[in-house]
Amino acid sequence: IKISARIQDDNEVLLEVADNGIGIKEQVDWNNLKSLGLRLVKDLIEMQLDGSLEYQNNEGCRFIIRFKLNSNYTK
């Protein structure tokens, strides 16, 4: 498992979580998730952080999470 985080010049946080496993099935409907865990993560990113979630399925599974750095997150 690889986890990395960095702040871009535009004050955007880029968080990547990846592994070298079998990945997730290509036919996953990200707008109608059946997995409670994935739904919670997606909702947290989109609704709480006003961010985005990208999924890549090459040589394992990689999630790329982007959100703006904001001092309100630390409260």
Novice: Under 4.5 Å between side-chain heavy atoms, counting indirect links through other Ile/Leu/Val/Met/Phe/Trp/Tyr residues: same cluster for I3 and I7 or not?
Specialist: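 Shared cluster, yes.
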
Novice: Do side-chain atoms of D19 reach the backbone of G60 as a donor and acceptor pair under 3.5 angstrom?
Specialist: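 Not confirmed, D19 side chain does not pair with G60 backbone.
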
Novice: How many angstroms lie between CZ in R39 and NZ in K34, if you round to the nearest 0.5 Å?
Specialist: 10.0 Å

Novice: I'd like to know whether CD of E12 has more than 12 heavy-atom contacts from other residues, nucleotides or ligands below 6.0 angstrom.
Specialist: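 Enclosed: over 12 neighbouring heavy atoms sit under 6.0 Å from CD of E12.
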
Novice: Would you say that I45 contacts F67 through its side chain, given a criterion of any heavy-atom pair below 4.5 Å between the two side chains?
Specialist: no

Novice: Rounded to the nearest 0.5 Å, what separates atom CD in Q48 from atom CG in L44?
Specialist: 6.0 Å

Novice: Is there a chain of hydrophobic side chains (I, L, V, M, F, W, Y, each step under 4.5 Å between heavy atoms) that links M47 to L69?
Specialist: no

Novice: Are L15 and Y55 linked, directly or through other ILVMFWY residues, by side chains that come within less than 4.5 angstrom of each other?
Specialist: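 Yes, because L15 and Y55 connect within a single hydrophobic cluster, where side-chain heavy atoms sit under 4.5 Å apart.
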
Novice: Should I22 and V17 be counted in the same cluster of Ile, Leu, Val, Met, Phe, Trp and Tyr side chains packed under 4.5 Å apart?
Specialist: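 No.
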
Novice: Nearest 0.5 Å, what's the OG-CD1 distance between S52 and I65?
Specialist: 9.0 Å

Novice: For E16, is there an ion pair with R62 - N to carboxylate O distance below 4.0 angstrom?
Specialist: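 Answer for the salt bridge query: yes.
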
Novice: Measuring from L36:CG to L40:CG, what's the distance to the nearest 0.5 Å?
Specialist: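 The CG atom of L36 sits 4.5 Å away from the CG atom of L40.
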
Novice: Check whether any side-chain heavy atom of D10 sits under 4.5 Å from a side-chain heavy atom of K68, and report yes or no.
Specialist: yes

